[in-house]
Amino acid sequence: MAGSSVGNIWIDTFACLQKKDLEEKYRKKWILQFNYRLKDSLTEEQKKNGWKISQTTKFACFTCTKCSHFWNSGRVTLIFHYCLRQSKTGTVFLRPFSQMCRACDNDNFINATFKEESVKAILQNIIQKIRKNCYREKIDFPTHSVDYRIIRTKPHERDLCEACLEGVCNREQDGF
């Protein structure tokens, strides 16, 4: 990634992975951009234009910008929209959902921090979905990935979770 780094682990990692797995194979460049207004569904117009959607929940850490309180969460929701455009370039939009601090009166949402290996695994999964849904590759997704595990954290606090407040937090993990 040297020489092309923009200083964002998501964008830098995606640029590296897409070059090897998409651009060199299909001669189509893909870019990743953040969009904090993404929804958990697509409009009919977006579907007609070839947009696809993916949602996942992963483990991440948070540090309050006001009081420096640190916490872990096993329920951080990420939504991706992706499309191979008419120009034959691809675009991926990412919305990582945030959480509020319960230790102070900071009513601002705090962005999650993900470990580098987690970012890489999440983006490799999206690239597999792109290969399957945009290039029609036959890819079988295992029911659970090799490193699948539920990381137990404190009970999920729905009133502090941006995804819960918007009604998009993954429900299948309600056993916490």
Side-chain angles (χ1 to χ4, degrees), residues 1 4-60 62 73-100 109-145 148 156 158 161-173:
M1 288 185 287
S4 65
S5 176
V6 296
N8 181 287
I9 189 171
W10 290 95
I11 293 171
D12 292 345
T13 303
F14 185 81
C16 183
L17 292 173
Q18 79 79 33
K19 185 167 182 69
K20 180 176 77 77
D21 293 339
L22 298 172
E23 189 174 354
E24 289 178 4
K25 186 171 185 176
Y26 295 105
R27 304 210 186 284
K28 311 297 180 212
K29 184 174 181 167
W30 284 74
I31 60 166
L32 173 75
Q33 299 175 330
F34 288 87
N35 181 330
Y36 293 95
R37 289 187 263 186
L38 288 184
K39 300 295 181 195
D40 68 332
S41 61
L42 298 169
T43 65
E44 288 304 315
E45 184 70 21
Q46 287 172 312
K47 289 177 188 176
K48 196 180 341 176
N49 290 328
W51 283 92
K52 309 287 186 215
I53 190 169
S54 178
Q55 179 173 331
T56 190
T57 299
K58 298 296 178 190
F59 177 86
F62 295 86
S73 177
R75 299 259 310 255
V76 181
T77 300
L78 300 117
I79 292 180
F80 293 87
H81 290 195
Y82 58 96
C83 182
L84 180 60
R85 298 187 178 233
Q86 295 290 346
S87 63
K88 302 300 181 193
T89 59
T91 301
V92 178
F93 291 125
L94 163 60
R95 179 179 181 185
F97 284 81
S98 303
Q99 295 182 7
M100 287 188 282
F109 284 106
I110 310 300
N111 292 329
T113 301
F114 292 83
K115 290 184 177 181
E116 187 174 349
E117 59 267 18
S118 181
V119 169
K120 186 174 181 181
I122 293 165
L123 293 175
Q124 284 173 325
N125 188 48
I126 288 299
I127 286 175
Q128 282 191 314
K129 290 181 180 195
I130 290 169
R131 289 169 50 200
K132 180 178 182 178
N133 295 321
C134 298
Y135 296 109
R136 306 290 183 235
E137 279 190 40
K138 287 204 178 276
I139 295 176
D140 293 322
F141 290 97
T143 305
H144 297 295
S145 64
Y148 176 80
H156 189 61
R158 295 173 189 261
C161 172
E162 181 183 26
C164 282
L165 294 173
E166 291 194 21
V168 300
C169 194
N170 286 350
R171 300 289 182 236
E172 72 273 4
Q173 294 181 3

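Side-chain atoms are counted along with the backbone in the values below, which use heavy atoms only and exclude waters and symmetry mates.
Partners of K138 under the salt bridge (charged side-chain N to carboxylate O under 4.0 Å, His left out) rule, at least two apart in sequence or in another chain, do not exist in this structure. Scored by the salt bridge (charged side-chain N to carboxylate O under 4.0 Å, His left out) test, E44 finds K47 as partners (sequence neighbours excluded). With sequence neighbours left out, the ring pair (Phe, Tyr, Trp, His ring centres under 6.0 Å) criterion links F62 to W71. Applying the side chain to side chain donor-acceptor pair (under 3.5 Å) criterion to E166, with sequence neighbours excluded, gives R95. The side chain to side chain donor-acceptor pair (under 3.5 Å) check on T113 picks up nothing, with sequence neighbours excluded. Residues passing the side chain to side chain donor-acceptor pair (under 3.5 Å) test with Y135, sequence neighbours excluded: W30. Listed by chain and number, the residues in a side chain to side chain contact (heavy atoms under 4.5 Å, CB included) with E45 are T43, K48, N49 (sequence neighbours excluded). N35 meets the side chain to side chain donor-acceptor pair (under 3.5 Å) test with no other residue; sequence neighbours excluded.
For E162 against S98, the heavy-atom pair with the smallest separation is OE1-N, 2.8 Å. Scanning all heavy atoms of the two residues, the minimum distance from F114 to K58 falls at CE2-CB, 4.2 Å.
One finds the CG atom of L123 at 6.5 Å from the OG1 atom of T13 (value rounded to the nearest 0.5 Å). Of the inter-residue distances, the one linking F59 atom CZ with K115 atom NZ reads 6.5 Å to the nearest 0.5 angstrom. The structure places OG1 of T56 at 8.0 Å from CD1 of I126, a figure rounded to the nearest 0.5 Å. A distance of 14.0 Å separates SG of C16 from CD1 of I11, quoted to the nearest 0.5 Å. Atoms CG and CD, from L17 and Q128 in turn, are 11.0 Å apart once rounded to the nearest 0.5 Å. A distance of 10.5 Å separates CD1 of I127 from CD1 of I139, quoted to the nearest 0.5 Å.
At least one side-chain heavy atom of W10 sits under 4.5 Å from a side-chain heavy atom of I122. Counting only heavy atoms from C-beta outward, the side chains of Y36 and P96 approach each other to under 4.5 Å.
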### Message
Please evaluate residues V92 and I31 with respect to the criterion side-chain contact (heavy atoms from CB on, under 4.5 Å), reporting the C-alpha separation (whole Å), side-chain torsions for both, the decisive distance (0.1 Å), and the verdict.
### Response
CA-CA 6 Å; V92 178; I31 60 166; over 6 Å; no
### Message
With side-chain contact (heavy atoms from CB on, under 4.5 Å) as the criterion, how do R75 and C161 come out once you've worked through the C-alpha distance, each side chain's angles and the decisive distance to 0.1 Å?
### Response
CA-CA 9 Å; R75 299 259 310 255; C161 172; over 6 Å; no
### Task
Report the C-alpha distance between S73 and Q99 in whole Å, list the side-chain angles of each, state the deciding distance to 0.1 Å, and finish with yes or no for side-chain contact (heavy atoms from CB on, under 4.5 Å).
CA-CA 9 Å; S73 177; Q99 295 182 7; 2.9 Å; yes
### Query
So F93 and L32, side-chain contact (heavy atoms from CB on, under 4.5 Å) or not? Walk me through it.
CA-CA 6 Å; F93 291 125; L32 173 75; over 6 Å; no
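Checked by atom type and distance alone, the side chain of Q55 pairs as donor or acceptor with a backbone atom of V168 at under 3.5 Å.
Screening residues 24-38 for salt bridge (Lys or Arg N to Asp or Glu O under 4.0 Å) gives K25-E137 as the qualifying pairs, with residues at least two apart or on separate chains.
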N/O donor-acceptor pairs under 3.5 Å from side chains in residues 76-85, not counting sequence neighbours:
residue : atom : partner : partner atom : Å
H81     : NE2  : K39     : O            : 2.9
Y82     : OH   : N133    : ND2          : 2.7
R85     : NE   : T91     : OG1          : 3.1

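A side-chain donor from one of K129 and S54 sits under 3.5 Å from a side-chain acceptor of the other.
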